[in-house]
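A quick write-up on the structure given underneath.
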2 protein chains.
Amino acid sequence: MKPVMIGQLARETSTKVTTIRFYESIGLLRSAPRTASGRRTYDASDIERLHFIRNGRRLGFSVDEIRSLMGLAQNPDQDCGAASAIAAQHLKDVEERLAQLAVLRDELAMLSQSCTKARMADCRIMKAIGKGHPQADQ
Amino acid sequence: MKPVMIGQLARETSTKVTTIRFYESIGLLRSAPRTASGRRTYDASDIERLHFIRNGRRLGFSVDEIRSLMGLAQNPDQDCGAASAIAAQHLKDVEERLAQLAVLRDELAMLSQSCTKARMADCRIMKAIGKGHPQADQ
DNA sequence: GCTTGCTTCTACAGCGACTAGAGGTGGTAG
DNA sequence: CTACCACCTCTAGTCGCTGTAGAAGCAAGC
């Protein structure tokens, strides 16, 4: 019930103090009320909100997406179509990156396998990376 | 044989002009010799070098890794153990990211599936992201 | 009341790998 | 001669933080 200071909030949400201040500076968290000596104080709703942000980030949502989601939550009676659309789009993005990364991995695996422990000048890895033009000495 | 200007180099390597200048500024490309009027000129070896850089980047190597690889290539008689170590490490990193991303995808897929087209206030997606603390109104 | 040591404060710079823009010069084609 | 493009430099912005410097607040022990 009683308000906590920034360090306590940081501990409870596994967030760095500097990150909390950063979130405030970009308007993701409200401007926290201050004590007489200027220290930020937080209540239960701030903790909740920061949990939401951190979980959102952990799930790979951008700050802007999180901002949108929290904005949508302001209208509790609206249906959640917009929110689920954001989540669906994000899932699609992640799936795409996953596919790209898998291609990359295969390419790198081939590269690594091709190594014959040669001299640098004959290294297949170097040749593979340098491809695009056959080697022209000098 | 004849030297080319930056635009031509950009076209041949599918690189933006600004990126080429950026690579020069960070020492990834040499300081290109200039014409009388101050324009950069490039020869075949620059094209080759830039191909190497672009392919390396496409494969996800960091600029520093590329720098190291190109540095190693200066000693053509050394064996390529160091180069293949860089590649192997990078492959490992990619595999790790891939695994993390797969976990993320699964989590997001569950999230998306859980949507019941409810009011925002009852949205399961929002609740799942906000987890960490049960909702306390106000 | 003084010191110690932790927490908090502000303000700003830095990361990586570019990208974009402003504002200007050089060279050439019609 | 003028229009147009390619090129130049320099600076700032992107994203999501992280780290630093230097000052001040605050509780506890002596």
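All values below were derived from every heavy atom in this structure, side-chain atoms included, with hydrogens, water molecules and symmetry-related copies excluded. In the text below, chain A, chain B and the rest are named by the order of the sequence lines, each starting its count at 1.
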Heavy atoms only, 4.0 Å cut-off, all strands: where does B:Arg11 land among base, sugar-phosphate and nothing?
nothing

Over how many whole Å does the gap from B:Ile66 atom CD1 to C:dG16 atom C1' extend?
12 Å

For the pair B:Glu95 and A:Arg105, evaluate side-chain contact (heavy atoms from CB on, under 4.5 Å) and give the outcome as yes or no after the intermediate values.
CA-CA 7 Å; B:Glu95 277 168 348; A:Arg105 181 208 45 207; 3.7 Å; yes

Side-chain donor-acceptor contacts of residues 70-79 of chain A below 3.5 Å, not counting sequence neighbours, with atom names and distances?
residue: A:Asn75; atom: ND2; partner: A:Gln78; partner atom: OE1; Å: 3.2
residue: A:Asp77; atom: OD1; partner: B:Arg119; partner atom: NE; Å: 3.1
residue: A:Asp77; atom: OD1; partner: B:Arg119; partner atom: NH2; Å: 2.4
residue: A:Asp79; atom: OD1; partner: A:Gly81; partner atom: N; Å: 2.5

How close or far is atom C1' of D:dC10 from atom CD of B:Glu24, stated in whole angstroms?
14 Å

Between A:Glu12 (side chain) and A:Leu9 (backbone), is there a donor-acceptor pair under 3.5 Å?
no

Can you give one letter per nucleotide of nucleotides 16-26 of chain D, 5' to 3': B if a protein heavy atom sits under 4.0 Å from the base, S if only from the sugar-phosphate, - if neither?
BBSS-----BS

What is the separation between atom CD1 on B:Ile20 and atom C1' on C:dT19, rounded to the nearest whole Å?
14 Å

Hits for side-chain contact (heavy atoms from CB on, under 4.5 Å) against A:Arg39, two or more places apart or cross-chain, chain-then-number order -> A:Met5, A:Thr35, A:Ser37

Which pairs, protein N/O on one side and nucleotides 22-24 of chain C N/O on the other, fall under 3.5 Å?
none

Answer yes or no: does a side-chain N or O of B:Arg40 lie under 4.0 Å from OP1 or OP2 of D:dC8?
yes

Heavy atoms from other residues, nucleotides or ligands near CZ of A:Arg124 exceed 12 (cutoff 6.0 Å)
no

B:Thr15 side-chain N/O to B:Thr13 backbone N/O, donor-acceptor pair under 3.5 Å:
yes

Return the value, rounded to whole Å, for the distance between atom CD1 of A:Ile26 and atom C1' of D:dT14.
13 Å

Under a 4.0 Å N-O cut-off, is there an ion pair linking B:Arg57 with B:Asp64?
no

Rounding to 10°, can you tell me the angle the first-five-pair axis of the helix from C:dG1-D:dC30 to C:dG30-D:dC1 makes with its last-five-pair axis?
30°

Taking CG from B:Leu50 and P from C:dC18, how many angstroms apart are they, rounded to a whole number?
11 Å

Do A:Arg54 and A:Tyr23 have side-chain atoms, one donor and one acceptor, less than 3.5 Å apart?
yes

Looking at B:Ser112 and B:Ala109, would you say the former's side chain and the latter's main chain have a donor-acceptor pair under 3.5 Å?
no

Whole angstrom is fine here: how far is it from CD1 in B:Ile6 over to P in D:dC7?
7 Å

Counterpart residues, ring-ring contact (aromatic ring centres under 6.0 Å, His included), relative to B:Phe61 (two or more places apart)
B:His90

From CA spacing to verdict: side-chain contact (heavy atoms from CB on, under 4.5 Å), A:Arg97, A:Leu101
CA-CA 6 Å; A:Arg97 269 197 296 141; A:Leu101 212 53; 6.0 Å; no

